[in-house]
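First the structure, in the form of structure tokens, and then the observations on it.
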Amino acid sequence: MRGWLGTLRNYLMIYFLFIKNCFIAQMEYRTNFILGIAVEIAYLFAKLLYVVVVYETDLHIGSITPDGILMFVGTYTIMTGLYSGLFFPNFVRVSEYIRSGTLDLLMVKPISLQFLVSLRYIDLGMPIPNFIAGGTMVVISWNALNIPVTAWSLFSFLFYLGTALIITYCLMFIPALLSFWLVNTGGLAGIFYSIWDANNMPMPIYSRFIQRIGVYLLPFLVITNFAPMMVMNQLTPALAVWGAIVPIVLLVIVRFVWSRAIRNYNSASG
Amino acid sequence: MSAFPKYGRVFQLGVQSSLEYRFDFLFSLISAFFPILIQYYIWSAVYGRSESSEFFGYTYGQMVLYTITAAIVTKIVTTDIGQNVATEIKDGGLNKYLVQPVSFFALKLFTMLGQKIFFFSAMLCILLFTLVYLTGTYGIRIPLAHILLFMVSMVMSLLLNFLISYTLAAVAFILSEISYFFEMTGLFVIILSGGVFPIEVFGKTINKILDYLPFKYTIHFPANVINGRLSMDEAVQGIGMQFFWMIALLAFSRIVWRAGMKKYLGLGG
């Protein structure tokens, strides 16, 4: 147990160093840093159009009012910020590591290769607009829906955001993992981005069939639906449990596929 | 050497490079499908529960047709040419073209056309099949003349979008770190072109402004030609606007590029 805690502490320390290192690197090109934020604002603008359409057309999805939908869009926006800040900068690099043989170099470092490959880079600029806008949307809708602010409601909301983060890591890592076999997975990643966007709307808007797939088979819909559904009292106990199990199952699967992928890796050039 | 075989060869190379990763091509076809699905559900929910049969001036059938066409048109017309050219400016790759007896503009144009031709044809076939199916379902009649006009407007919007991209790429002469710049402008261009939602969503004032800018003529216009919202006159007029903007942007890009070339240092390469 102590050894395990020690390892965890070491990894947290290394992760902190990654953050510091990325921060310094990003501050070097400040224009680019600001442009990165501008890119996210552009994406945000596209998302806000959905909000405009929801309110303009007074869209109700089942029992969810426009204010309720706003909370889903807000959660989706926060999760997009987390994904683009923590994971995206790493996952886009993987196929390049494989193609150019940089992976050989990373392999010899005395820490977990998966950790290094999937968490080395952090973008600190991109999440800023998403956090501000998403957080604001959640707060506004939380108020408008008269959801009591209790320790339990806050905890359960944050808990499902946490599980969502792990699910995001696992699911969005898949195209990068497959690039060990397929080399060029840009198109597949494109599909995953578009599936990701399905979270822009509460899941009851989709047909039952799509919901089943999105919750059980490729659990994308768990990511931004469960946290708002929990505080709106719309999450059945069975689903609540499922939401807590999914991240563990996915982590195990990803770890398994990762080790297969590494065994399959033939050093290219480099 | 006359110009045709030269650029014809570039065109062929473009076609070949687009067929290099066939899986990737298939995937990008599939990824066009998802935004359509999401929007289809949104609009079905919107129109399904409301008494009103029109939102933003579109009937349900027109909106569904718009959504499908806009998504496909967006896929067809977007190019990464701006990004591509800008990288060449930044790390001096432009040098090798400057000493060759070719026009850089024509080179990029024919590469783009070559890369797109296969995708373009495949997408158009899919689109036409969908249209035949949907027009039956929603009882929308599309006259043959509109389909022909649509084809013309699509070719024009592909060229128009290329010109917008190419003009924006000249910014790379001034800014050095530009990868994000193109992502941002690319996205705004898509939003303003009606690639996310029909531009009527923005309200009357912004629409008035957009009427005079080139953007809506790349996605919003072709999509509206085919869903039957535009009369014959309006459609022809729109193609006139496309033509006007093509000439205007061609001239404008010449000016910006000439100015940019004076600043160009040709580092690296």
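First the proteins, then the strands, lettered A, B, ... as listed; each starts at 1.
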## Note on the structure
Bottom line for A:Asp58: the part with an atom under 4.5 Å from chain B's heavy atoms is both
### Task
Can you tell which part of B:Phe56 gets under 4.5 Å to a heavy atom of chain A, answering side chain, backbone, both or neither?
side chain
### Query
Side chain, backbone, both or neither: which part of B:Ile38 has a heavy atom under 4.5 Å from chain A?
both
### Message
Give the interface residues of residues 199-211 of chain B toward chain A, defined by a heavy-atom separation under 4.5 Å.
### Response
B:Val201, B:Phe202
### Donor-acceptor contact present, side-chain B:Ser157 to main-chain B:Thr218, <3.5 Å
yes
### Query
Is the backbone of A:Ile122 close enough, under 3.5 Å, to the side chain of A:Gln26 for a donor and an acceptor to pair up by distance?
yes
### Message
Parallel, tilted or perpendicular: which one describes the rings of A:Tyr83 and A:Phe87, with boundaries at 30° and 60°?
### Response
tilted
### Summary
With chain B, the option among A:Asp197, A:Asn200, A:Thr57, A:Ile61 that has the most non-hydrogen atom pairs under 4.5 Å is A:Thr57
### Task
Pick whichever of A:Ala189, A:Ser194, A:Gly190 has the most heavy-atom pairs under 4.5 Å with chain B.
A:Ser194
### Query
Taking the six-membered ring for Trp, are the ring centroids of B:Phe173 and B:Trp257 within less than 6.0 Å of each other?
yes
### Task
Let me know if A:Tyr43 has heavy atoms under 4.5 Å from chain B in its side chain, its backbone, both or neither.
both
### Message
Report which part of A:Tyr50 has an atom under 4.5 Å of a heavy atom belonging to chain B: side chain, backbone, both, or neither.
### Response
both
### Task
Output yes when A:Glu96 and A:Arg99 qualify as a salt bridge under the 4.0 Å nitrogen-oxygen rule, no when they do not.
yes
### Task
Answer with side chain, backbone, both or neither: which region of B:Ile42 has an atom nearer than 4.5 Å to a non-hydrogen atom of chain A?
both
#### Entry: Heavy atoms from other residues, nucleotides or ligands near OH of B:Tyr40 exceed 12 (cutoff 6.0 Å)
no
### Query
Hey, does the side chain of A:Thr102 reach the backbone of A:Ile98 with a donor-acceptor pair shorter than 3.5 angstrom?
no
### Query
Which one of B:Phe197, B:Tyr47, B:Phe55, B:Phe34 has the most heavy-atom pairs closer than 4.5 Å to chain A?
B:Phe197
### Message
Checking the side chain of A:Arg30 only, and the main-chain atoms of A:Met27 only, is there a donor and an acceptor separated by less than 3.5 Å?
### Response
yes
### Query
Can you find a side-chain donor-acceptor pair between B:Ser193 and B:Tyr217 that sits under 3.5 Å?
no
### Message
If we define contacts as heavy-atom pairs under 4.5 Å, which of A:Ile195, A:Val54, A:Leu188, A:Ile41 has the most with chain B?
### Response
A:Leu188
### Task
Would you please indicate yes or no on a ring centroid separation below 6.0 angstrom for A:Phe45 and B:Phe188?
yes
### Query
Are the side chain of A:Trp181 and the backbone of A:Asn264 linked by a donor-acceptor contact shorter than 3.5 Å?
no
### Query
Between B:Lys116 and B:Thr78, is there a donor-acceptor pair closer than 3.5 Å when you use the side chain of the first and the backbone of the second?
yes
### Query
Ignoring hydrogens and geometry, is there a side-chain-to-backbone donor-acceptor pair from A:Glu40 to A:Ser84 under 3.5 Å?
no
### Task
Considering only heavy atoms, give the residues of residues 203-212 of chain A separated from chain B by less than 4.5 Å, sorted numerically, with 'none' for an empty result.
A:Ile205, A:Tyr206, A:Ser207, A:Ile210
### Query
When rounded to the nearest 0.5 angstrom, what distance separates OH in A:Tyr121 from CZ in A:Arg93?
5.0 Å
